[in-house]
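Since the structure comes first, as structure tokens, the remarks are kept for the end.
In this chain, numbering begins with 1 at the start of the sequence shown. Hydrogens, waters and symmetry mates are skipped; everything else that's a heavy atom, side chains included, is used. Order of listing sets the numbers, starting from 1, for every ligand and every atom in it.
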Amino acid sequence: MSKVLDRPSHSLREFRILPGYTPPDGNALNVDLTTRLCRSGDGFLRLHTPFLSAAMQAVTGTEMAIAIAQLGGIGILPVSQTIEEQSEKIGRVKRFKAGFQTSITTLSPRQTIADVIRIMEETGYSTFPVTDTGEFHARLLGVITDKDFDVRRDHALTVEERMRTDVQYGVDISDLKEANQLMIKFGRGFLPIVDAGGILQTAVFKKDLDKHLQHPNESIDAQKRLLVGAAVSTHPEDRERVQCLVEHEVDVIVVDASDGHTHYQRQMVEWIKSTCGVPVVAGNVVTSRGFEFLAETGADAVKVGMGIASGCTTQEVKATGRGQGSALLGVCPARDRHADATGEYLPLIADGGMAGPAEMSVALALGADALMLGNFFARYTESAGNLMRNAAGEIVKEYWMEGSAKARNHRRYAQLKDLFFEEGITGYVPHLGSIFEKLPLVMQILRSTLATAGCRTMDELHEKAVLEMQSPSALRDSDVHDMVPSNFEQQIL
Ligand code: IMP
């Protein structure tokens, strides 16, 4: 390899996709974004939409993991939290399963209405089952809602005095359609489900069910529970974490390191592969050699990207990294050569540096199978960062990088606690509302790009898409130019 490569590094923004022939049935409505996330067993774990929410404190908590899985992608819970917290979140996502709730707040008949009012304020919920012990898996006695008492007068009364005992419930129901039919028959928005002995097992809320019915592309496992992934570091102490995550039925483990071309990464990936059956995503790499190295470890997918994330300072402080366009141009052909030589296809996940659907499309057209996004998802209500007002009075979401002083995720960056230096900043991003409202539009834009490129599937995009680099003036033409938009509030996706 020469000392200095003869081509400059290219960003995703420099590429454009050439149009291909679109047949009569090739419009966006007929484009399928289903993709391979990673190898799993003899086949692949597939997603209906190519999105992973980043393994970052500010991005993926339970709410984001549930939302993104409902929308056909998958959330990766970050490693920078305790094993217990991370495992507990996996449990919450798995239990969310398609409308059945198994961890809702339950009341005891002896609690006071004052308690109920406080719990309602704290949780934002308005309907609670009442059981004999107040625990969830106990005998169902009744239901109390905010309509069953007077907030001003009834403070001193007990739940028992105000709850409804004529509760309509289901017995041993595990099929969502059956639960739905019963709710329609009873004309209620809430259905507790008990076992033959009257012990509360689960509950279904109509609003969850409606949401589920709106999302036919959910990412689900064989038992119809939402998929969720979790990150671990390469450090041997995280072997205990891996075991705990697997016990909590995590669907995929991401070995999270800013540089995956290391001895430590190999040790961790090989150990997981030899110990547990769970699929492993390795990374990050940006060169064909890095890819080949990870392919040899037995990894089930490889993540690509270094130094290009939105708040990343790695290139500034360490001078390491590569434009994401060049990284994919280096790694994707290595993946294809590996597939030709071994018959094994290793999915690639482009990680970081994609601000909107244009860069996402370019990454996919260059050969990525899926996309990991931090900044992009941090903007939605469901992200784990706080909603706040910035100095200009705008409503924004907090976003901080894993290599920032705030996150102090030393192990991702192989840093020493005492000599820590930042590889990312802390800041905020605009708040765009709910992911449920906004992501469908982004998906439609991606479908539309595929249709214009003459492709109906991701495989066709990989095979047929032709990209072209833009000269500086072609890039200028590709932006709005020579006119001033009348609407200054540009829509930010
Ligand atoms: P973004 O979508 O451009 O914000 O990039 C998100 C990705 O940035 C994550 O998935 C990580 O791979 C990467 N990342 C997270 N924290 C840092 C950091 O502190 N420095 C550099 N890269 C980071």
Side-chain angles (χ1 to χ4, degrees), residues 11-13 50-60 64-65 68 73-80 229-234 254-261 265 281-286 290 301-325 327-328 348-360 362-363 368 370-380 383-385 397-415 420-430 432 435 439 442 492-493:
S11 106
L12 295 172
R13 291 174 210 263
F51 300 117
L52 289 87
S53 63
M56 298 175 73
Q57 294 171 15
V59 181
T60 310
M64 174 55 79
I68 189 74
I74 189 168
I76 310 296
L77 297 162
V79 62
S80 44
V232 301
S233 80
T234 54
V254 174
V255 181
D256 191 29
S258 59
D259 174 14
H261 194 167
Q265 173 96 196
V281 176
N284 283 10
V285 292
V286 290
V302 170
K303 216 145 55 72
V304 179
M306 186 193 279
I308 39 72
S310 56
C312 167
T313 53
T314 302
Q315 296 207 41
E316 281 167 48
V317 293
K318 285 175 62 183
T320 51
R322 193 173 201 188
Q324 187 69 319
L328 289 169
L348 293 178
I349 300 161
D351 177 14
M354 287 160 283
E359 291 89 54
M360 295 177 201
V362 168
L371 313 166
M372 178 174 265
L373 306 154
N375 184 314
F376 189 78
F377 286 136
R379 303 169 187 192
Y380 296 126
S383 73
K397 286 283 268 187
E398 277 184 295
Y399 183 50
W400 64 97
M401 307 304 287
E402 286 296 299
S404 65
K406 180 172 165 105
R408 286 186 90 83
N409 185 351
H410 306 102
R411 293 173 303 164
R412 182 175 203 270
Y413 296 90
Q415 289 215 26
F420 173 77
F421 58 91
E422 286 195 308
E423 291 197 38
I425 65 162
T426 299
Y428 56 81
V429 288
L432 297 187
I435 193 169
L439 201 62
V442 176
I492 311 160
L493 280 166

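In terms of protein heavy-atom proximity, atom 20 (N) of ligand 1 is closest to E423 O, 2.7 Å. For atom 13 (C) of ligand 1, the closest non-hydrogen atom on the protein side is A309 CB, 3.8 Å. Nearest protein heavy-atom contact of atom 18 (C) of ligand 1 is Y413 OH, 2.7 Å. Atom 21 (C) of ligand 1 has as its closest protein heavy atom C312 SG, 3.2 Å. Among all protein heavy atoms, the one lying closest to atom 2 (O) of ligand 1 is G374 N, 2.8 Å. When hydrogens are left out, the protein atom nearest atom 16 (N) of ligand 1 is E402 N, 2.9 Å; that is the closest non-hydrogen contact. What sits closest to atom 11 (C) of ligand 1 on the protein, heavy atoms only, is R412 NH2, 3.3 Å.
Residue-ligand proximity, M56 to ligand 1, at heavy-atom distances under 4.0 Å covers atoms 6 (C), 9 (C), 15 (C), 16 (N). Short contacts between ligand 1 and A54, defined as distances under 4.0 Å to a heavy atom of the residue, involve ligand atoms 10 (O). Interface atoms of ligand 1 facing M372, defined by a heavy-atom separation under 4.0 Å, are 10 (O). Atoms of ligand 1 found under 4.0 Å from any heavy atom of G424, numbered from 1 in the order shown, are 19 (O).
On a distance-only criterion, G353 and ligand 1 share at least one N/O pair closer than 3.5 Å. The shortest N or O to N or O distance between G403 and ligand 1 is below 3.5 Å. At least one N/O-N/O distance between S310 and ligand 1 falls below 3.5 Å.
Between the side chains of K406 and T426, not a single donor N or O lies within less than 3.5 Å of an accepting N or O. T320 and Q315 share no donor-acceptor pair across their side chains, judged by distance under 3.5 Å alone. Between T234 and Q265, the side chains place no donor N or O within less than 3.5 Å of an acceptor N or O (distance only, hydrogens not considered).
Using a 4.5 Å heavy-atom threshold, the side chains of V304 and D351 count as separate. Contact check for M64 versus I435: side-chain heavy atoms found under the 4.5 Å cut-off.
Within the structure, the closest approach of Y399 to ligand 1 falls below 4.0 Å when heavy atoms are considered.
Distances from atom 10 (O) of ligand 1 to the heavy atoms of T60, D351, V254, V59 put D351 nearest.
Contacts between F376 and ligand 1 below 4.0 angstrom, taking non-hydrogen atoms only, are absent altogether. For E422, no heavy-atom contact with ligand 1 is shorter than 4.0 Å.
Shown are L348, V255, D256; of these, the side chain to side chain contact (heavy atoms under 4.5 Å, CB included) with K303 is made only by D256. A side chain to side chain contact (heavy atoms under 4.5 Å, CB included) with F376 holds for exactly one of E359, M360, M354; it is M360.
With hydrogens and angles ignored, the 3.5 Å screen pairs a side-chain donor or acceptor of Y399 with a backbone N or O of N375. Checking side-chain atoms of T60 against main-chain N and O of A65 turns up no donor-acceptor pair under 3.5 Å.
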Intermediate values then yes/no, side chain to side chain donor-acceptor pair (under 3.5 Å), E423 and T314: CA-CA 5 Å; E423 291 197 38; T314 302; 2.8 Å; yes
Candidate pair S80 and Q57, rule side chain to side chain donor-acceptor pair (under 3.5 Å), full reasoning: CA-CA 7 Å; S80 44; Q57 294 171 15; 3.0 Å; yes
